[in-house]
Visitor: 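Before anything else, here's the structure in question.
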Amino acid sequence: MKHSQCPILALTVLLAGAGVNAYAGDNPPGYVDFGKFSAPSSGGEFVEVHIKSNLISMVAGLAEKSEPQVAELLRNLHLVRVNVIGLDDENRAEMEKRIKKIRDDLDAKGWERVVTAQKKEEDVAVYLKTRGSEAVEGLVVTVIEGAREAVLINIVGNIKPERIALIGERFNIEPLKKIGRAIEKN
Amino acid sequence: MKKARKPEFLITIALALLSLGLSGCFKVSSDVGALRDSVVKSAGVEWDEQIEIGVGAITLNLARAGLALVDLDPEAKAALHAVRSADVGVYKRRHGREQLKRTAILAAADKAMTARGWDRLVGVMNQSELVAVYAPSSARSARNLKVCLMTVNENEFVVAAARSDLEPLMEIAFNHADWHQKARPPL
């Protein structure tokens, strides 16, 4: 996991839209409430992106002409949430605990863990919430990158499995590119 | 001669003032004002206004007419045509070098903007800077979307808003999408 601020800002410019309490009352199946995060007191990186469906569909309409595939993908997305929290001595233990709890909750709620990768200092887990074999209703990426940062991504929608690679490509999320390629092969 | 010119001169002045008034010159919008006030109140330090300006449709049309004579890059022209209004305020810290309470500033800005029906799209904090971008919760049309932005560092802060037609801007963004993909590292 490299510096994530630029891609996230770029993603936001492309999608434009937000709201931390979106879906508070009526959560779609693929939505995961990560809770609120605080910026690290040492002044490390802290990024929050929360993009709601109204602005996603707005951008989908605009992308129709030049990027029909992307437009179709966007039209089926309801929410994109990204949190990047810089880790320091004060919040590292707490963040690791929170991410473990999120992963345990997803396991308990029947989300399918499609990627578990632990190498060197990187700990990645990717989960999918599927509706039969026809659609992915939610996607969660959790990453703890050693001592540097934690990343949480939740993409909610009605996503065709074969489109996951496109999400990975367009949003430049490496684990999703790999999952997508694996799905396309099968 | 003098008597004949006076009413013309007065009418010209009146029209100019009317244009400035209608175009929103010299005054930032209430949304940008609310964002500015939230930073000033929550930061706990004193700021000096460097510039505060708002330009509306008439001023922008005048600017476009003027720039039509200049050989501008077509994308810059398209971007300029997309903008319907813009406000910006720049404020410099008066004194003190102690670190700002960025979390408190972001919380205050969120509160002020949420109360006005805005959602935060992005919040970014690092050691030197705080950036937040807001859009109206009720936004439905890409042809006339207003976005507010705030950026704060230890020495100054900027609040800005722009109302624009996203369509030409998106076209520019998509034209550069491949370049952007290559330029940034993956998540």
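Throughout, protein chains are lettered first and strands after them, A, B, ... in sequence-line order, and every chain is numbered starting at 1.
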Visitor: Examine distances only and state if a side-chain atom of A:N54 and a backbone atom of B:S137 form a donor-acceptor pair shorter than 3.5 Å.
Guide: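 Answer holds: yes.
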Visitor: For the residue pair B:M125 and A:A39, what are the closest heavy atoms and their distance?
Guide: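 Result for this residue pair: SD-CB, 3.7 Å.
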Visitor: With a 4.5 angstrom heavy-atom cut-off, is it the side chain or the backbone of A:S38 that approaches chain B, or both, or neither?
Guide: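 The answer is neither part of A:S38.
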Visitor: Under 3.5 Å, is there a donor-acceptor pair between the side chain of A:E45 and the main chain of B:V124?
Guide: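 No; judged by distance alone, with no hydrogens or angles, the pair does not exist.
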Visitor: Would one find more than 12 heavy atoms of other residues, nucleotides or ligands at under 6.0 Å from atom CD of A:E121?
Guide: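 Incorrect, the count does not exceed 12.
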Visitor: To the closest 0.5 Å, what do you measure between NZ (A:K52) and CG (B:D119)?
Guide: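 That separation rounds to 4.0 Å.
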Visitor: Between A:L55 and B:L121, is any pair of side-chain heavy atoms under 4.5 Å apart?
Guide: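 Side-chain contact under 4.5 Å: yes.
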